[in-house]
Amino acid sequence: MKYIEWAFLFLLSGLGIGLANLVGFHVGFAESLPGILILLAIAIAGVAVSKVVPLKLPIVAYVSIIGRAYAGISISDQVKTFAKQGWKMILIGIFVMTGTFLFSALISNVVLSLTGAI
């Protein structure tokens with residue numbers, strides 16, 4: 001994709017996020033702007049990394065890795081609180097992530113089968 005197309009998609013995504021926050025959570029665009037900019041920066045970084053790193057992974061993989069790293073850094077001051085919740089919270093997190101992945105894969109498989117793509 002050309003850079004102008006990426007820029008248009010990022011602008012459209014940012015506006016969509018802002019609209020969703022306004023409609024769903026009644027949060028103004030100005031209040032949403034810092035979060036939107038962080039999300040778009042993570043997405044732009046994922047695209048940039050995919051162009052530089054010779055490993056051929058989908059862009060979404062790079063965006064996920066960068067997003068998880070950012071999330072890990074942002075909650076690093078709350079590790080003690082997380083540790084107090086114990087092993088049950090870790091187990092629940094693993095089940096949630098696994099279930100989300102499996103059901104997403106199942107839904108995409110069904111949709112692609114119905115449309116004849118696979």
Which atom pairs, one a donor and one an acceptor, fall under 3.5 Å between side chains of residues 28-45 and the rest of the protein, sequence neighbours left out?
| from | atom 1 | to | atom 2 | distance (Å) |
| --- | --- | --- | --- | --- |
| Ser32 | OG | Asn21 | ND2 | 3.2 |
| Ser32 | OG | Gly28 | O | 3.1 |

Could you list the donor-acceptor pairs under 3.5 angstrom formed between side-chain atoms of residues 111-118 and any protein atom two or more places apart in sequence or on another chain?
| from | atom 1 | to | atom 2 | distance (Å) |
| --- | --- | --- | --- | --- |
| Ser113 | OG | Asn109 | O | 2.8 |
| Thr115 | OG1 | Val111 | O | 3.1 |
| Thr115 | OG1 | Leu112 | O | 3.2 |

List the atom pairs, with distances to 0.1 Å, where a side-chain N or O of residues 52-70 and a protein N or O form a donor-acceptor pair under 3.5 Å, not counting sequence neighbours.
| from | atom 1 | to | atom 2 | distance (Å) |
| --- | --- | --- | --- | --- |
| Tyr62 | OH | Leu55 | O | 2.5 |
| Ser64 | OG | Val60 | O | 2.8 |

Linked hydrophobic residues, Val23 as query - side chain contacts closer than 4.5 Å = Leu19

request  = List in chain and number order the residues that pass ring-ring contact (aromatic ring centres under 6.0 Å, His included) with Phe10, two or more places apart in sequence or in another chain; answer none if no residue qualifies.
outcome  = Trp6

Please tabulate, for side-chain N and O atoms in residues 92-107, each donor-acceptor pair with protein atoms closer than 3.5 Å (sequence neighbours left out).
| from | atom 1 | to | atom 2 | distance (Å) |
| --- | --- | --- | --- | --- |
| Thr98 | OG1 | Ile94 | O | 2.8 |
| Thr100 | OG1 | Val96 | O | 2.7 |
| Ser104 | OG | Thr100 | O | 2.7 |

message = Apply the hydrophobic cluster definition, ILVMFWY joined by side-chain contacts under 4.5 Å directly or through others, and give me every member besides Leu22.
response = none

query = Excluding sequence neighbours, so at least two apart, what forms side-chain contact (heavy atoms from CB on, under 4.5 Å) with Lys84?
reply = none

query = Is Phe25 isolated, or which residues cluster with it under the ILVMFWY side-chain rule of less than 4.5 Å, directly or via members?
reply = Val27

request  = Keeping to residues at least two apart or across chains, list the side-chain hydrogen bond (donor to acceptor under 3.5 Å, both in side chains) pairs with something in residues 33-53.
outcome  = none

